[in-house]
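Chain A is the first sequence line, chain B the second, and so forth, proteins listed ahead of strands; every chain is numbered from 1. None of these values were measured; they are calculated from a predicted model.
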Amino acid sequence: MFFRNLHSWNVSPKEAIDIQNRLKELLNFNTNVHNVSLVAGVDLSFFGEYGLAVIVVLDRNFDIKDVVYHVQKIEFPYVPGLLAFREGPVFLKAWEKLQTEVDVVFFDGHGIAHPRFMGIASHMGLFIEKPTIGVAKRKLVGNYENVPEEVYSYSYIKYNDKTIGIAFRSKKKTKPIFISPGNLIDLQSSLHITKLFLNGYKLPEPTRLAHIYTQKLKKEFIGKEPQ
DNA sequence: GCGACAG
DNA sequence: ATCTTGTCGC
């Protein structure tokens, strides 16, 4: 699949922050996402010096239509707020291998619910030029009021007087998940489409399945390839 | 200085 | 994310 390379990945943490501040001006949330038939879920696993990215494509019946993955060395350290610089390069290599056209892409991490509105879902959204949604298991920045215990209840995440996402109770007796738009989609649509792909678990099916593949493929890889 | 801190 | 088994609760 195609993607636009907006900058070099061989940068320092400080340069990465400058890039994020520059790219955030390119984000667009005024798009209407209609006819969502195929979506993709992205996740990564790690072993040794390597990272393994998986992209799973699903239809609205949760049937798997395609799966691609890519393994390569990880160059950037994990720094809260700079996740895209660690996982982005691996994801993009897997994205190049994808032959199936999708309507929306779910990422395991935040979209604009980020100190500079450039979480991995937003960052990758600018590269692949497709609607992206960030679904994280934990908060990065912002504040939100207590989310009622009732399923599907939610509260908005505020950061510097701006609404950046939603803390959403996706399953009974489970902590909320954090949903935020990446690029080319608005907050309400992000919530709506995420609900569309929930399948009885805390995390939406695209991301949940991508995670399962990421763990399974890693084990196969460790057993075959010499390290 | 202290607390927060995606994966 | 990853290192790792059982265990408490719904």
Problem set entry | Given B:dC5, B:dG7, B:dA6, the nucleotide with the shortest approach to the side chain of A:K139 | B:dC5

Seminar exercise, completed: In terms of heavy-atom contacts, A:A167 and A:Y144 come closest through CB-CD1, 3.7 Å

For this session: Measure the distance from CZ on A:R86 to C1' on B:dC5 and round it to the nearest whole Å.
Result: 15 Å

For this session: Please report, rounded to the nearest Å, how far the C1' atom of B:dG3 is from the CG atom of A:L140.
Result: 15 Å

Seminar exercise, completed: Of all heavy-atom pairs linking A:S122 and A:G182, the shortest is OG-O, 2.9 Å

Problem set entry | Which residue lies more 5' along DNA chain C, comparing A:K173 with A:Q215 via nearest heavy atoms | A:Q215

Seminar exercise, completed: note: A:L82, atom CG; B:dG7, atom P; distance rounded to Å ~ 15 Å

Exercise. Rounding to a whole Å, what distance do you find between A:I133:CD1 and B:dA6:C1'?
Worked result: 17 Å

For this session: Look at the side-chain N and O atoms of A:R138 and state whether any lies under 4.0 Å from the OP1 or OP2 oxygen of B:dC5.
Result: no

Problem set entry | Within 6.0 angstrom of A:Y201 OH, more than 12 heavy atoms from elsewhere | no

Exercise. Does A:H211 make a side-chain N or O approach to OP1 or OP2 of C:dA1 shorter than 4.0 Å?
Worked result: yes

For this session: Mind calculating the distance between NZ (A:K171) and C1' (C:dG9) to the nearest angstrom?
Result: 13 Å

Exercise. If only side-chain N and O atoms of A:K218 are considered, is one of them under 4.0 Å from the OP1 or OP2 phosphate oxygen of C:dA1?
Worked result: no

Problem set entry | Pair A:F107 and A:F91, ring centroids less than 6.0 Å apart | yes

Exercise. Is A:Y78 stacked on the base of B:dG7, meaning ring centres closer than 5.5 Å and planes within 30 degrees of each other?
Worked result: yes

Exercise. Is A:G81 touching bases, backbone alone, or none of the nucleic acid, heavy atoms closer than 4.0 Å?
Worked result: base

Seminar exercise, completed: Looking only at heavy atoms, the pair that brings A:Q20 and A:R116 closest together is OE1-NE, 2.6 Å

For this session: Round to a whole Å and report the spacing from CD of A:Q20 to C1' of B:dA6.
Result: 12 Å

Exercise. When the distance from CZ of A:R208 to P of B:dG7 is rounded to whole Å, what number comes out?
Worked result: 17 Å

Exercise. Between B:dA4 atom C1' and A:H114 atom NE2, what is the distance in whole Å?
Worked result: 14 Å

